[in-house]
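See below for the structure under consideration.
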Number of protein chains: 2
Amino acid sequence: MSEQNLTKNQDLVLNQLGKSKTPMSAYDLLDKLREKGLKAPLQIYRALDKLTEMGLAHRLETLNAFVACAHPNCHENELIAFGICENCNKVWEFSDDEVSKRLDLWAKERDFTPVKTSLEIRGICAKCA
Amino acid sequence: MSEQNLTKNQDLVLNQLGKSKTPMSAYDLLDKLREKGLKAPLQIYRALDKLTEMGLAHRLETLNAFVACAHPNCHENELIAFGICENCNKVWEFSDDEVSKRLDLWAKERDFTPVKTSLEIRGICAKCA
DNA sequence: TCCATTAATGTAATAACATAACATTGTTGC
DNA sequence: GCAACAATGTTATGTTATTACATTAATGGA
Ligand SMILES: [Zn+2]
Ligand SMILES: [Zn+2]
Ligand SMILES: [Zn+2]
Ligand SMILES: [Zn+2]
């Protein structure tokens, strides 16, 4: 299940994220990957940095946790949004061109240069309602 | 500059936030408020909890920091968005009905019940460009 | 007024999340 | 082989947030 040219640690972390149905914190990942030889938080954080740069994983700011990207080559999309169920912790990844457009417009009107946008809707999903 | 019926600690924290031109972390606040008698992080976090509930302050998830609300009675707005300059740390608070509408639509289509939405655009402001 | 209930506070200890610093190893291209 | 760079390993430390428990203040009846 290796993707691209991931290093050993990156591959371990991405696989573990991929197996999880819900977001995992760096320390969740570390606990799971100790048996594979990883010993320190930094090994996890460094792998996560690269994976998020590559668009293979995403950081959820409201949870301090990470998910594997749900789409192939997601980092083509400028804006990625997440719905997060506070009961079952499932995450839905989506994007919306109209939202992107409106935020771009806000930025243009102020000569603000966006670098990274975070959009997370916390709530309760249909199943949990 | 007290607002509503704030308690002593809430008032101290809100005033300190109001004086700051940029977001402050809980520990930034604690450092500033030690001279006023506050001694422990929990005193700050408890005040911040109430202030954010009341809509008088907002938490910036991508910074783990807090700002005083820029608007009167902001919590009437469902969705509050922030532009954050990564150079000068200034914050612009805004809302956009069209964005709100699109996100509401996404939620309705999935029977997802939003509780709290976080929208933060990190970037470089006009002055810092 | 007295008492019960709830809200707010004080304090210490600890948990959870993230990075700095530095030494070492692996990979790539010449 | 060697220089340059990327990735790794390891220890220590910094930063953010919560648990637990004791105390005090405000509120609202009986
Ligand atoms: Zn993605
Ligand atoms: Zn759910
Ligand atoms: Zn506001
Ligand atoms: Zn700026």
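Hydrogens, waters and symmetry mates play no part in the numbers below; they use all other heavy atoms, side chains included. In what follows, every chain begins at residue 1, and chains take the letters A, B, ... in the order their sequences are listed.
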If Ile, Leu, Val, Met, Phe, Trp and Tyr residues are connected whenever their side-chain heavy atoms lie under 4.5 Å apart, and connections chain through other members, are B/F112 and A/F94 in the same group? yes

Is any side-chain heavy atom of [Y] closer than 4.5 Å to one of [X]?
X	Y	answer
A/R46	A/N9	no
A/I121	B/W106	yes
B/Q10	B/M54	yes
B/L48	B/L17	yes

Could you tell me whether a side-chain N or O of [X] sits under 3.5 Å from a main-chain N or O of [Y], the two making a donor and an acceptor?
X	Y	answer
A/R122	A/T62	yes
A/E93	A/A70	yes
B/D104	B/K101	no
A/S20	A/P23	no

In whole angstrom, what separates [X]'s [atom1] from [N]'s [atom2]?
X	N	atom1	atom2	value
A/L38	D/dA7	CG	P	16 Å
B/D49	D/dT18	CG	P	7 Å
B/R46	D/dA22	CZ	C1'	11 Å
A/Q10	D/dA7	CD	C1'	8 Å
A/E53	D/dA6	CD	P	11 Å
A/K50	D/dC5	NZ	C1'	11 Å
A/L12	D/dT8	CG	P	10 Å

Taking only side-chain nitrogens and oxygens of A/N9, does any of them come within less than 4.0 Å of OP1 or OP2 of D/dG9? yes

Distance check, rounded to the nearest 0.5 Å: A/K108 atom NZ versus A/L103 atom CG? 11.0 Å

Taking any atom closer than 4.0 angstrom to a non-hydrogen atom of chain A, what span of DNA chain C does the protein reach, first nucleotide to last? C/dC17 to C/dA21

Salt-bridge contact A/E61-A/R59 (side-chain N to carboxylate O under 4.0 Å): yes

Using C1' atoms of five pairs at each end, report the bend of the helix from C/dT1-D/dA30 to C/dC30-D/dG1 rounded to 10 degrees. 30°

With nearest nucleotides of DNA chain D determined for A/A40 and A/A47 from heavy-atom distances, which residue corresponds to the more 5′ nucleotide? A/A47

Just the table, please: protein N/O against nucleotides 15-17 of chain D N/O, every pair under 3.5 Å.
| unit_1 | atom_1 | unit_2 | atom_2 | d |
| --- | --- | --- | --- | --- |
| D/dA17 | OP1 | B/R59 | NH1 | 2.9 |
| D/dA17 | OP1 | B/R59 | NH2 | 2.5 |
| D/dA17 | OP2 | B/Y45 | OH | 2.9 |
| D/dA17 | O5' | B/Y45 | OH | 3.4 |
| D/dA17 | N7 | B/Y27 | OH | 2.7 |
| D/dA17 | N6 | B/Y27 | OH | 3.1 |

